[in-house]
Every structure is written in structure tokens, then in C-alpha cells.
Amino acid sequence: MSVRLARLLSVALIGACLTTPAFARSKPKAHASAPAKSSLIWRGDVATANGVVNEVAKAWEKTGHGSIELQPFNTASGIDAVASGSADLAGSARASDNSAQNANLTFTPVAWDALVIITQSSNPVRSLTLKQVHDIYYGKIHNWSEVGGRSAPIDVYAVASPGDGVEYSLRSLLFGRGNQPVAAPRLYVNTRKLEEGIALNPNGLGVSTLASISGNAKLKAIPINGKPATVANIADGSYPLFTPLYLVTNPRSPKAAQAQAFVDFMQTEPAKAALRKHAVLPYQDDGALVAMDASRRSRILAEVGARPVRGTPVSAPGATYAARAAIAPTSPDTLAARQALEQRRADARDTARLSKVQGSVSDVTVTGVAHANGSATTVSRTEGKDFGKVTANAAQASTTYKVSKGDTLSTIAKRHSVEVAQLREWNHLKNDQIKLGQVLRIRNR
């Protein structure tokens, strides 16, 4: 090779080495100039994830928008994350609770779903009235036999977080306020875990949403007042426990505009089609439900015998204090529950003392005195000379009771004006199972 040709080749190679990095640097510039798609983080309750966000997020991405990272857990975690900025959107099955944190966020209703009272699919109960649901959660009904089922205790399940959207919405409808304590000693971190627990227990009962349990053969939604939870019954309002589902945003978030764009997307046909796949109704498509909502709430409260009450929630009987003490032993609600429980016990003692005092009157009318063997004697206008005999029987009846055919622990407790929990404690019972002929202590003396 000649010296001249060698020099030419050297120059060519050096030039190639110098131009290649320049070309490599210029290529990313052209790529960076393309508009970037926004990515959003959604966190919230499992019910809203199943009913709203899962399918709508897919439709959002298919129409050319950015991705959405889903983090389903529970309502409180979603609202906390949006308030702190660690998430851009939250899902909630309840409206704002008017707390200071919620006041800084925007709750937009986007869909209608049904709150459903669920049990294991093998449970034979076919329907519950609103009053029965109220009394189960309030601790007045303890056994499935009281609502047409087997003689077995009703194991009430709930989500531990007091701000859970599904629980809060149900209690708002049944009690007039979402923070009402209920007699539900079995507590779970979210609705999904609650569903899993009930699927394993034929005596379990709890609340979920229609969209959340759709397709789950292990669970069934119990009809309310004879009306099953169906899309048609939600749409016309004949199924009474319908509720809005919300998307929650933070106007102060750096991604507030992108989050609002997703909320607005809920009004598009692709999003509405995605909602309908999960038995969920687009919120704006059913103005009749919005119009009837307030009157519907009033009718429910009238039917169950409740009314909205402001101030410290009143304890539900029985399990409420234990349940609250396990979650927050020093909270005002727990202290109120303890005081209410102690007051009920004091009232029961006062009633017993009053009965003794009244027994000293010579002319007394006694109706339906129960004997220790379970039989009953009706005495009217008992004269003073016979009174000692009657009071002796009454004293015996107030101490023990012999289980008769058809008795349950719940009916015995109701008959003698005591709580099921007290009967368990006085008789060292591990559950509600009792035997024919068994003698129970019905007074703690």
C-alpha cells in the first residue's frame, strides 16, 4: 500500500470516529421532542377498584392516554395517599366525611353500585328486611333462626377501618351516620379479606358491593325486602341499598390536571361501557337515583326505627365495646361504648331491685312467671297471703333457666332482658350452642 493511500484511510477512520458520537447524541434529542404520556397512581378501596377502575383504566390506555398504576387496598389508605401526594387518584365507596383532611379534596361521584349483605352461598336464608339488617348490626338479632335460617350464631364481619367506604355507606343508610359502632367482632383490613372470610363460614355475614362479588360462586347477596340486587333493581331504586362510588382528587397536586382528565373520561362512552361490564351504572346516566336519594334515606331510617344523631356515637349492644377496644382503646368512641355498656348493666340491676321493692306490696298482678323448668304460670290479682309463693318461684326463675325445645341463646337472652354475651360469660360458653334440658344461669348471682 502506498504512503498516500494509507494517509487517506487514516483520515477516513478518524472522521468516522468523530462523527459517530455526534450522531448518537443527536438521536435522543429527536426522541425527547415527542410528547410524553402521563402516568397516574390510583389507590383506594377494593370495591371501587373492581367496579370502576380496573376496566376503565384499560379503556383509558387504549384510547391513547398514559398508564395508571392500580394499588387497591382500602378507602382510608387511598384518601391518605391523595392528601399526602403519594397517589394522584383515590377510589371511595363513600362521600366526604367532612373531616379536615377530606375538606381539602374533591369527591366526584362517577358510578352507582349496590351495597349487598353477603353470606356463604350454602346459607339457606332467602331474604332479610331492612329492620332485620339493622338489628343484626346493632346486636339485637344474634341467631340465624330469628331470620328464617338454621339455629346457629350470626357471625358478623366488618372492615376494621372506621372510614371504610362500604361500611360507612351502609351505616349511614341504616343508622343515619357512617361512624355508628356496630356489633361486629370479626374485623378485616379490607372488603376482599372480609369476602374471603365469609366464603369459609356458612354462618358469616357482612357487607360488600354487587360489583365486588360478581362471579364469586362461594358468596351470595341476600335480597332485601324481597328485592335482589340487580342492575334493573338498582336503576329503578326498588333495591334500597344503592350507593354512589367516587373518585377523589387533590386540586393542589402537581398532576391535578391529568387526574381531572381521567375523572372527565368517566363521561365518555368507552368508560361507560367498561362500567356496565361490572353491573355498575354510570352516575350521570341515572338522574332519577340522584333525585330520590334524600327521600330514600328518610324512608330507610323510618323503617328501621332510627334517626340521624349528632355527637358521640352510641354503642351497639354486646360486641361493640370489645371490638372498639381492640382497635382504639383510648378513643372517645370506645369510652362512650364502655359507658353505654356499663349503663345498660346498671339499668338491669336497678330493674331487678325495683322488682323486689314492688314485691312487698300486698296486692300485685303478675303475668307469665317463668319457672326454672321452663314452664310458665299466669297469675293475676295475687293476694298478699299468696305472694310469698309467687315471689319464691320468680326468684328461682330469675337465677336459672332450663332449655326447652326451640330455644336459642338469643331468644333466651331476649326473654330475660339480658345480653347474649352475658349468658355466655355466666355459663362459661365458648359459643352460642346450647342443649335441650341444659340449665343456664340467667342472672350473675
Applying side chain to side chain donor-acceptor pair (under 3.5 Å), name anything that partners [X], two or more places apart in sequence or on another chain.
{"X": "Thr408", "result": "Thr411"}
{"X": "Ser145", "result": "Asn143"}
{"X": "Ser92", "result": "none"}

Does [Y] offer a backbone N or O that forms a donor-acceptor pair with the side chain of [X] under 3.5 Å?
{"X": "Asn250", "Y": "Val82", "answer": "yes"}
{"X": "Gln120", "Y": "Ala199", "answer": "yes"}
{"X": "Ser169", "Y": "Gly165", "answer": "yes"}
{"X": "Ser212", "Y": "Ala47", "answer": "no"}
{"X": "Asn427", "Y": "Leu429", "answer": "no"}
{"X": "Asn102", "Y": "Ser99", "answer": "no"}
{"X": "Gln180", "Y": "Arg177", "answer": "no"}
{"X": "Trp144", "Y": "Asn203", "answer": "yes"}
{"X": "Asn233", "Y": "Pro228", "answer": "yes"}
{"X": "Thr119", "Y": "Gly204", "answer": "yes"}

Could you tell me whether the side chain of [Y] reaches within less than 4.5 Å of the side chain of [X], counting heavy atoms only?
{"X": "Ile222", "Y": "Asn123", "answer": "no"}
{"X": "Trp42", "Y": "Phe262", "answer": "no"}
{"X": "Ser122", "Y": "Lys220", "answer": "no"}
{"X": "Leu210", "Y": "Ile234", "answer": "yes"}
{"X": "Glu167", "Y": "Val207", "answer": "yes"}
{"X": "His134", "Y": "Thr129", "answer": "no"}
{"X": "Val159", "Y": "Val166", "answer": "no"}
{"X": "Val290", "Y": "Gln284", "answer": "no"}

Could you list the residues that satisfy salt bridge (Lys or Arg N to Asp or Glu O under 4.0 Å) with [X], not counting sequence neighbours?
{"X": "Lys277", "value": "Glu55"}
{"X": "Arg94", "value": "Asp97"}
{"X": "Glu69", "value": "none"}
{"X": "Asp285", "value": "Lys272, Arg276"}

Looking only at heavy atoms, which two atoms of [X] and [Y] are closest? And how far apart?
{"X": "Glu195", "Y": "Ser208", "answer": "OE2-OG, 2.5 Å"}
{"X": "Ala158", "Y": "Ala184", "answer": "CB-CB, 3.7 Å"}
{"X": "Tyr283", "Y": "Ala111", "answer": "CB-N, 3.4 Å"}
{"X": "Ser253", "Y": "Asp88", "answer": "OG-OD1, 4.2 Å"}
{"X": "Pro244", "Y": "Pro109", "answer": "CB-CB, 4.3 Å"}
{"X": "Gln433", "Y": "Pro153", "answer": "NE2-CD, 3.7 Å"}

Any ion pair linking Glu196 and Lys193 (charged N to carboxylate O, less than 4.0 Å)? yes
Residues passing the ring-ring contact (aromatic ring centres under 6.0 Å, His included) test with Phe107, sequence neighbours excluded, are none
The ring-ring contact (aromatic ring centres under 6.0 Å, His included) partners of Tyr188 (sequence neighbours excluded) come to Tyr157
For residues 296-305, run the donor-acceptor check on the side chains, cut-off 3.5 Å, and write out each pair with its distance to 0.1 Å, sequence neighbours left out.
| unit_1 | atom_1 | unit_2 | atom_2 | d |
| --- | --- | --- | --- | --- |
| Arg296 | NE | Asp293 | OD1 | 3.4 |
| Arg296 | NH1 | Pro240 | O | 2.7 |
| Arg296 | NH1 | Phe242 | O | 2.7 |
| Arg296 | NH2 | Phe242 | O | 3.2 |
| Arg296 | NH2 | Asp293 | OD1 | 2.5 |
| Arg297 | NE | Asp293 | OD1 | 3.4 |
| Arg297 | NE | Asp293 | OD2 | 3.4 |
| Ser298 | OG | Ala294 | O | 3.4 |
| Glu303 | OE2 | Asn225 | ND2 | 3.1 |

Distance check, rounded to the nearest 0.5 Å: [X] atom [atom1] versus [Y] atom [atom2]?
{"X": "Thr75", "Y": "Arg43", "atom1": "OG1", "atom2": "CZ", "value": "13.0 Å"}
{"X": "Ile198", "Y": "Leu205", "atom1": "CD1", "atom2": "CG", "value": "6.0 Å"}
{"X": "Thr209", "Y": "Leu245", "atom1": "OG1", "atom2": "CG", "value": "7.0 Å"}
{"X": "Ile213", "Y": "Asn50", "atom1": "CD1", "atom2": "CG", "value": "11.0 Å"}
{"X": "Leu241", "Y": "Leu115", "atom1": "CG", "atom2": "CG", "value": "6.0 Å"}
{"X": "Tyr401", "Y": "Leu440", "atom1": "OH", "atom2": "CG", "value": "9.0 Å"}

Open item on the list: Under the criterion side-chain contact (heavy atoms from CB on, under 4.5 Å), I'd like the reasoning laid out for Lys255 against Ile41: C-alpha separation, chi angles, the key distance, then a yes or no.
Closed with: CA-CA 10 Å; Lys255 290 187 177 180; Ile41 296 175; over 6 Å; no
In short, salt bridge (Lys or Arg N to Asp or Glu O under 4.0 Å) pairs touching residues 145-154 with sequence neighbours left out are Glu146-Lys414
Residue pairs meeting salt bridge (Lys or Arg N to Asp or Glu O under 4.0 Å), one or both in residues 103-116, sequence neighbours left out, come to none
Going through the distances and angles, do Val182 and Val156 end up as a side-chain contact (heavy atoms from CB on, under 4.5 Å)?
CA-CA 9 Å; Val182 296; Val156 183; 5.8 Å; no
Checklist line | Parallel, tilted or perpendicular: ring planes of Trp60 versus His65, cut at 30 and 60 degrees | finding: parallel
Is there a side-chain hydrogen bond (donor to acceptor under 3.5 Å, both in side chains) between Asn74 and Ser77 once you walk through the steps? CA-CA 6 Å; Asn74 62 26; Ser77 69; 3.1 Å; yes
Q) Between the side chains of Asp45 and Thr48, is a donor N or O closer than 3.5 angstrom to an acceptor N or O? A) yes
> Do Lys405 and Leu436 pass the side-chain contact (heavy atoms from CB on, under 4.5 Å) test, and can you show the C-alpha distance, the side-chain angles, and the key distance before you say yes or no?
Replying inline: CA-CA 6 Å; Lys405 185 176 181 180; Leu436 183 65; 4.2 Å; yes
Tell me, with the steps shown, if Asp407 and Arg415 meet side-chain contact (heavy atoms from CB on, under 4.5 Å). CA-CA 10 Å; Asp407 280 340; Arg415 186 180 307 151; 3.3 Å; yes
